[in-house]
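So the structure is just underneath, and the comments pick up after that.
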2 protein chains.
Amino acid sequence: MNRKTRHNPEQHPPAKRPYHHGDLRRALLEAGRALLEEKGADGFSLRACAQRAGVSHAAPAHHFKDMKGLFTALAIEAFDLFGEALANARDGRLTPKQQIVTSYRAYLDFARGHPALFKLMFDALRLDWQDEILNEASKKAYQQLIMLAKPFEDSGKPPPLIQLLVWSLPHGVAHLQLAGQIGHSKSLISDEWLEDYLEMTAELLDRL
Amino acid sequence: MNRKTRHNPEQHPPAKRPYHHGDLRRALLEAGRALLEEKGADGFSLRACAQRAGVSHAAPAHHFKDMKGLFTALAIEAFDLFGEALANARDGRLTPKQQIVTSYRAYLDFARGHPALFKLMFDALRLDWQDEILNEASKKAYQQLIMLAKPFEDSGKPPPLIQLLVWSLPHGVAHLQLAGQIGHSKSLISDEWLEDYLEMTAELLDRL
DNA sequence: TAAAGAAACTTGTCACTGTCAAGATTGAAT
DNA sequence: ATTCAATCTTGACAGTGACAAGTTTCTTTA
């Protein structure tokens, strides 16, 4: 196994692979993200992640303190992506009601497109919420929701209540969807209803 | 460590513990439930569960195929409890609106009172959804939500849509709450708002 | 330019995990 | 009384996260 110590008499500089990876942190994040989508958060293995990045099993420790550290870094990426998706869904020309439909669709599309990342964002025990960058990233994404709720705040209800309502409406569906409770046999609801659901909720908020 | 093999010359029949536990399945379920609430689904260990029940590490395999089997059995208990809680919240004398408030409160109370069980119910990858008993139990709990949605079905909207709405409203809040996203610094919403939230959602459904 | 020190990565090891196989003990059926 | 199945134990195996200590490279300093 110690063939590394055996010097290669032929290729001297060609370098099979440099001892220093260059950007291992990035590589680990990408490998980790892929592994997460494939195996889920359990079934995830730091060693497998390291192997996929082409380094030894102990290498990740130099870039992330431990598994929680890696998951936290991945969640930061996730919150950034999520916030971006919500920001891209914003369009000043839309009516509040139309904006709800558009943003909710983006919310649900993200949850469906990145199920593992989405779950990770709300998997409290796996993340280090002491981490400031994580708090920043999540707060920034949360700001998008606050803005989305803004037009409905002139209804007499306290803003926090409106925000919670605007948030929990898509979040409940997203989570139920990822939990496999929608489109199942027991539930009569299939994916085709989702667009109608968006319309209905928007209408509901409009009449608030 | 091997003091088990040392025979005790004094007490012969008093039986430290019989070879057959009697109801190990039950004991494992209770130990597992306690362990789950303490450590969470990760951090959970089959061996620790066995030890807490006072048996060897391989004993659980004779009652549950594997870890997924134990989790599935626990989820069945959870769905039963959950369905029961929702059933107890039902009261024919209440108006539909009042019924929503009461049932939603039960929903959220359950999620808060049994956070680990609640999470497990919706942790698809950890459960064996081939298991018929699990499907039955979850379907039965789901029936409670269908009944809860019934009074609002005469609004022209398709029943599945109403059901999804009635379900996702409390579920979104419950999940956000367990994810630690409510009552946090970034969120302006604290627990005292919850009662107001229930009132608001009930009113919303009433105006549907 | 040389030496020192820090950063990046490796190997080796530890206790612990889930699962399987094989043996020991008990209760039930014949 | 004997057989048989169910229940539980011990032992083993490969895989895990984490830590310690060593090796290699880059960077800084003098």
Side-chain angles (χ1 to χ4, degrees), chain A residues 1-8 12-29 31-32 35-36 38-74 125-128, chain B residues 1-8 12-13 15-29 31-32 35-36 39-74 125-128:
Chain A
M1 294 296 183
N2 265 5
R3 73 176 82 85
K4 269 288 183 53
T5 58
R6 296 195 157 280
H7 63 295
N8 193 334
H12 204 221
K16 327 202 83 177
R17 264 167 248 162
Y19 194 92
H20 284 25
H21 179 284
D23 196 358
L24 180 55
R25 189 189 152 87
R26 176 87 267 131
L28 285 173
L29 283 174
L35 210 60
L36 202 62
E38 288 175 21
K39 312 275 185 180
D42 9 333
F44 183 93
S45 149
L46 249 176
R47 287 170 111 104
C49 182
Q51 185 175 16
R52 182 173 294 216
V55 291
S56 78
H57 66 261
H62 295 270
H63 294 271
F64 309 98
K65 185 176 167 282
D66 51 10
M67 211 173 178
K68 199 175 224 172
L70 175 55
F71 278 149
T72 299
L74 283 171
L125 296 177
R126 282 193 222 267
L127 305 182
D128 174 19
Chain B
M1 294 295 183
N2 266 2
R3 73 176 80 85
K4 270 286 184 53
T5 58
R6 295 196 157 282
H7 62 294
N8 193 333
H12 203 220
K16 328 205 80 175
R17 265 166 251 161
Y19 194 91
H20 284 25
H21 179 285
D23 197 359
L24 180 54
R25 188 189 154 88
R26 178 85 269 130
L28 285 173
L29 283 173
L35 211 61
L36 202 62
K39 312 276 184 180
D42 11 332
F44 183 93
S45 150
L46 249 176
R47 286 170 112 105
C49 182
Q51 185 175 16
R52 181 173 295 218
V55 291
S56 78
H57 66 263
H62 295 271
H63 295 270
F64 310 97
K65 184 175 168 281
D66 52 11
M67 211 174 181
K68 198 174 226 173
L70 175 55
F71 278 149
T72 299
L74 283 170
L125 296 177
R126 281 193 222 269
L127 305 182
D128 174 20

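What's counted below: heavy atoms across the whole structure, side chains too, no hydrogens, waters or symmetry copies. Computed from a prediction, not measured in an experiment: that's the story for all the values here. Chain letters run A, B, ... following the sequence lines, proteins first, then strands; residues in each count from 1.
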Would you indicate which nucleotide in [options] comes nearest to any side-chain atom of [X]?
{"X": "B:Ala58", "options": "D:dA18, C:dA21, C:dG18", "result": "C:dA21"}
{"X": "B:Arg47", "options": "D:dA18, D:dA12, D:dT10", "result": "D:dA12"}
{"X": "B:Ala59", "options": "D:dA20, D:dT9, C:dC9", "result": "D:dT9"}
{"X": "B:Leu24", "options": "C:dA8, D:dG11, D:dC8", "result": "D:dC8"}

Under 4.0 Å between any heavy atoms, over every strand shown, what does A:Ser56 touch: base, sugar-phosphate, or nothing? Just pick one. base
Could you check whether B:His57 gets within reach of a base, just the sugar-phosphate, or nothing at all, counting any heavy atom under 4.0 Å? base
Nearest non-hydrogen partners of [X] and [Y], listed with the distance:
{"X": "B:Phe44", "Y": "B:Lys39", "result": "N-CB, 4.4 Å"}
{"X": "A:Lys68", "Y": "A:Asp128", "result": "CG-N, 4.0 Å"}
{"X": "B:Leu74", "Y": "B:Leu36", "result": "CD1-CD2, 4.3 Å"}

Roughly how many Å is it from [atom1] in [X] to [atom2] in [N], rounded to a whole number?
{"X": "A:Met67", "N": "C:dC16", "atom1": "CE", "atom2": "P", "answer": "19 Å"}
{"X": "A:Lys39", "N": "C:dG18", "atom1": "NZ", "atom2": "P", "answer": "18 Å"}
{"X": "B:Asp66", "N": "C:dA21", "atom1": "CG", "atom2": "P", "answer": "14 Å"}
{"X": "B:His62", "N": "C:dC20", "atom1": "NE2", "atom2": "P", "answer": "12 Å"}
{"X": "B:Asp42", "N": "D:dA18", "atom1": "CG", "atom2": "P", "answer": "12 Å"}
{"X": "A:Phe44", "N": "D:dA18", "atom1": "CZ", "atom2": "P", "answer": "11 Å"}
{"X": "B:Leu46", "N": "D:dC8", "atom1": "CG", "atom2": "P", "answer": "15 Å"}
{"X": "B:Asp23", "N": "D:dT7", "atom1": "CG", "atom2": "P", "answer": "11 Å"}

Identified side chain to side chain contact (heavy atoms under 4.5 Å, CB included) partner of B:Leu29 from the options B:Leu24, B:Asp23, B:Leu70: B:Leu70
Review item, side-chain donor-acceptor pairs of residues 46-59 of chain B, under 3.5 Å, at least two apart:
{"residue": "B:Arg52", "atom": "NH1", "partner": "B:Glu38", "partner atom": "OE2", "Å": "3.1"}
{"residue": "B:Arg52", "atom": "NH2", "partner": "B:Glu38", "partner atom": "OE1", "Å": "3.1"}

Looking at C:dC16, I'd like to know if its phosphate oxygens (OP1 or OP2) sit under 4.0 Å from a side-chain N or O belonging to B:Ser45. no
With a 4.0 Å cutoff (strictly under), does any side-chain N or O of A:His63 reach OP1 or OP2 of C:dC9? yes
First of B:Arg25 and A:Lys68 reached from the 5' end of DNA chain D, by closest nucleotide: B:Arg25
